[in-house]
Protein chains: 2
Amino acid sequence: MTTTSPSGDSVHTVVIGAGYAGLAAALSLADNGIDVLVLEASDRVGGRVHSERLDDGVVVDHGGQWVGPTQHRLLAAADRFGCATFPTYDTGDHLELWADGKCRPFRGAGPAGGPGVEQYIEATEAIDKLAITVNLDDPSATERIAEWDSETVQSYFDRTVADADARRRLALAVQGVWTVEPRDISLFHLLFYVASAGGFDQLMETAGCAQERRFVGGAQSVALAMAEHLGEKIRLNTPVTCVEHGADGVRVDTDRGPVYASHVVVAASPGAAVRIRFTPALPPSRNRWMERSPMGEVSKIHTVYDRPFWRERGLSGQATVYGDHNVGVVFDNSPEGGEAGVLVSFAYGDRQRRWAALPAAERRADILATLGAIFGDEAAHPVRYTEKSWPEDPWAHGGYAANPAPGVWVEHGATGWRTPCGRIHWAGSETSSVWNGYIDGAIASGQRAADEIIAAATP
Amino acid sequence: MTTTSPSGDSVHTVVIGAGYAGLAAALSLADNGIDVLVLEASDRVGGRVHSERLDDGVVVDHGGQWVGPTQHRLLAAADRFGCATFPTYDTGDHLELWADGKCRPFRGAGPAGGPGVEQYIEATEAIDKLAITVNLDDPSATERIAEWDSETVQSYFDRTVADADARRRLALAVQGVWTVEPRDISLFHLLFYVASAGGFDQLMETAGCAQERRFVGGAQSVALAMAEHLGEKIRLNTPVTCVEHGADGVRVDTDRGPVYASHVVVAASPGAAVRIRFTPALPPSRNRWMERSPMGEVSKIHTVYDRPFWRERGLSGQATVYGDHNVGVVFDNSPEGGEAGVLVSFAYGDRQRRWAALPAAERRADILATLGAIFGDEAAHPVRYTEKSWPEDPWAHGGYAANPAPGVWVEHGATGWRTPCGRIHWAGSETSSVWNGYIDGAIASGQRAADEIIAAATP
């Protein structure tokens, strides 16, 4: 099957990108006896999942970190490679720093009787009712797609939610899940994404939902185990510049020379994939899909303490932040045994940009001031501070995921989303019908791309 | 000023792209004694302006083609190089093929008393009233930008224009000017664009407006003359893959080796510029600006006849088309002397995609059927037929221009729009405060980028 190789390596399938999508594709192909080579631009595997063991042994997750009970593919991979998980700390009161500066305890969607909570819940229920009509296998075939993809989420909320406080809550939910502002995505993309996860609460909540468990060794541990299994089939520090493709095969150009193959799986971040030159040019619908699906904007900031002191005061460490603060959401990211206290703060969208533009010392002071306002002065004095701004990542170009702009689903969804272009196959969490944008969706997408190639290779 | 050159060429400034923006930048730099080299990916200059002389001597413009009386920079360049213009044929009745299948004559915005004309005119006047408040030098400083950039043009029309027929007319206007659907751009981008042209009518009309005159030798003739003047300072067939930049200078990598320079002007189509690898990575705001400004979608189809037979019947050859047809607008594109008859048909947005996906024979038949329905059977039998679909152009990736998606102006306009990134300067019509998206804006942008470099080079 492998094409002839004038010079350079030759394999059956090249996979571009060693994030979870690429690793899952390669693993599936290797499991089926197909010769595969993964080309990764950066110096590590995992893509938008990146765990780091700090000097004191604490593991922090700079990128994707959680796993939920319906994320079967990620759970299966963790099981295969013996990567242990543990429950996200979810005991006690969450805190809400409201726009008026008051800090209130809450459980669930917000403090009972708090500003806008009732209409917020009504709005999320209305979203769920619309979302169940989305056709997940072929979103472009959804009956009301033209209507829903023509309006921004902000216009939809402005039009349907009277209470400004409820709209504040909804905006933070959109920022937290999509890492963009409600003006940046269409109602249809929101509905599709909700549907792919199985409902709005699945995206938002901890117990029984997407944030239920964490990995003992960090969320990258499964990727590292997959990579170890693949061994020399992975080549790091090898950015792809150009893919030449034709009826006979593909030629993948890298800074270290070409690789010839029968098929290629593009599993790079959409922010990186759009920068690869395809010759001949891709069909306009695929080009447009990539061009018009910009990466979200999120920073994760970890602060480490000698102990999770908030737990002593009956607090979960979870907080939602409104008003002028740059932090949007805080979680307890301490190790399983609680031998250190770790808070992770998220900044999204407008607030991420505002925060990331500050000098380093001001960024740190800003985060610590907000944590102090929520959890008291002790939170403002961590023993360690780390931050990761995904828009500045040279290969991911952002995170968590790429979000198609208004109009993109209805205009290009039918063939631009994930239809193979000859011998070019598309993976990446953004191409998944389940848990789109999540690690689980990335694995699903890699397995689906591998299935396409296995089917083509089977006479 | 020029940096040292380990190997490869060395100049003061590299300009990427030989469209009007790049040519204007190079000309301005050369006029000021600065050593410049223009690297052009394709085998010609002109970018999204491309004139072709057919075998029978008729010149057709596959891309940008008109010049209006307030487009002073393009008129000055035409004057400098002796490129003659002539009035667009604008005599007689225009025709409107309405959604009900009826073909009605009109002058101006639509037939007096025609469906929706009154509300259409009211809506365009309302747009003009909002547009005059746009800050053209710093659009991000416009007072109501957050509100206007959060809603699609479609939502705005749905909300403010009651008459569905008026909304049909407005949709065609958006398609014709921005080559996208009203769902694809924000109200703010529409207002900015209108303001940069000097009003809605400037964009839409012929006499006294953007479509007033054409070039005897085609609109590319000025670009060809500029290129001839620059001579060996232009290198064709030289795609740029990577720009390395630092405090000391830039290194521009091409398929033919590196070029070292003190400054670089990126004047490539945004669809091409986003595919260049920058090392170190660009600031997030500039990255996002490019990623989130997709190219519009337009095809131009020329049909040539032995004479402009419609003129004999008192028709201008101009038509607007509603309903199920794929053509949106038709113009008389005959040579000045009328020695042949030429109609140019435009397809935009949804209709462009639908049409471009047809096999070649069906595309032709589809266009001729529509022209026959408007101008009679004679129009269905041209002596020659040519078409150009800009989304399939390997270097432009679309046309006329790139349109920032909803949210992009308010989120990234302040620094992402055109602020230099160190030694990297940004040109291209999309970076112009005047006639954004037009040839005139391209020239203005190139001159502005050159001014930045001239200022930096002056002690």
Side-chain angles (χ1 to χ4, degrees), chain A residues 146 149-156 158-159 180-186 239 241-242 253 255 270-272 274-281 283-285 287-288 290-295 297 349-350 352-353 356-357 389-395 397-398 402 405-408 410-412 415, chain B residues 146 149-156 158-159 180-186 239 241-242 253 255 270-272 274-281 283-285 287-288 290-295 297 349-350 352-353 356-357 389-395 397-398 402 405-408 410-412 415:
Chain A
D149 208 28
S150 296
E151 148 170 77
T152 65
V153 168
Q154 175 152 344
S155 288
Y156 171 73
D158 286 348
R159 192 165 61 74
V180 299
E181 298 296 327
R183 70 174 81 91
D184 297 325
I185 56 173
S186 74
T241 53
C242 181
D253 285 337
D255 291 358
V274 77
R275 290 171 165 83
I276 296 171
R277 199 199 311 175
F278 292 88
T279 310
S285 65
N287 253 342
R288 285 293 182 274
M290 293 196 294
E291 288 175 340
R292 297 178 62 185
S293 295
M295 304 299 298
E297 298 184 306
D350 286 350
Q352 189 278 334
R353 281 187 293 279
S389 288
W390 284 94
E392 291 164 40
D393 185 276
W395 299 112
H397 294 278
V408 175
V410 67
E411 293 168 12
H412 303 291
T415 59
Chain B
D149 208 28
S150 296
E151 144 170 81
T152 66
V153 168
Q154 175 152 344
S155 289
Y156 171 73
D158 286 347
R159 191 164 62 73
V180 299
E181 298 295 329
R183 70 173 82 90
D184 297 325
I185 55 173
S186 74
T241 54
C242 181
D253 286 337
D255 291 358
V274 77
R275 290 171 165 83
I276 296 172
R277 199 200 310 175
F278 292 88
T279 309
S285 65
N287 252 342
R288 285 294 181 274
M290 292 196 294
E291 289 175 341
R292 297 178 61 185
S293 296
M295 305 300 298
E297 299 183 306
D350 286 350
Q352 190 278 335
R353 281 188 292 279
S389 289
W390 284 94
E392 291 164 41
D393 185 275
W395 298 112
H397 294 278
V408 174
V410 66
E411 294 167 14
H412 303 291
T415 59

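Naming: A, B, ... by sequence-line order, numbering from 1 per chain.
Of all heavy-atom pairs spanning B:Trp395 and B:Ala272, the tightest one is O-CB, 3.3 Å. Closest approach of A:Ser293 and A:Ala402 over heavy atoms only: O-CB, 3.2 Å. Taking all atoms of both residues into account, the shortest heavy-atom contact from A:Pro406 to A:Ser186 is CA-CB, 3.8 Å.
For a residue to count as touching a neighbouring chain, one of its non-hydrogen atoms must lie under 4.5 Å from one of that chain's; by this rule A:Trp390 does not touch chain B. For B:Val410, the part lying under 4.5 angstrom from a heavy atom of chain A is the side chain only. At a 4.5 Å heavy-atom cutoff, B:Asp393 makes no contact with chain A through either its backbone or its side chain. Contact of A:Asp255 with chain B is made through the side chain alone, with heavy-atom distances under 4.5 Å. With a threshold of 4.5 angstrom between heavy atoms, A:Met295 approaches chain B through its backbone and through its side chain.
In terms of heavy-atom pairs under 4.5 angstrom with chain B, the leader among A:His397, A:Arg159, A:Glu181 is A:His397. When the candidates A:Asn287, A:Thr241, A:Val408, A:Asp158 are compared by the number of heavy-atom contacts under 4.5 Å with chain B, A:Asn287 comes out ahead. Contact count against chain B (heavy-atom pairs under 4.5 Å) is highest for A:Ser155 among A:Ser155, A:Pro270, A:Ala281. Highest contact tally toward chain B, considering only A:Met290, A:Glu291, A:Arg288, is held by A:Arg288 [criterion: heavy-atom pairs under 4.5 Å]. Ranked by heavy-atom pairs under 4.5 Å with chain B, the first of A:Glu392, A:Arg277, A:Glu151 is A:Arg277.
Listed by chain and number, the residues in a salt bridge (Lys or Arg N to Asp or Glu O under 4.0 Å) with A:Asp184 are B:Arg292 (sequence neighbours excluded). For A:Asp350, the side chain to side chain donor-acceptor pair (under 3.5 Å) test picks out A:Arg183, A:Arg353, with sequence neighbours left out.
The closest donor-acceptor contact from the side chain of B:Thr152 to the backbone of A:Ser150 lies under 3.5 Å.
Considering CG of A:Asp253 and SG of A:Cys242, their distance stands at 5.0 Å, rounded to 0.5 Å.
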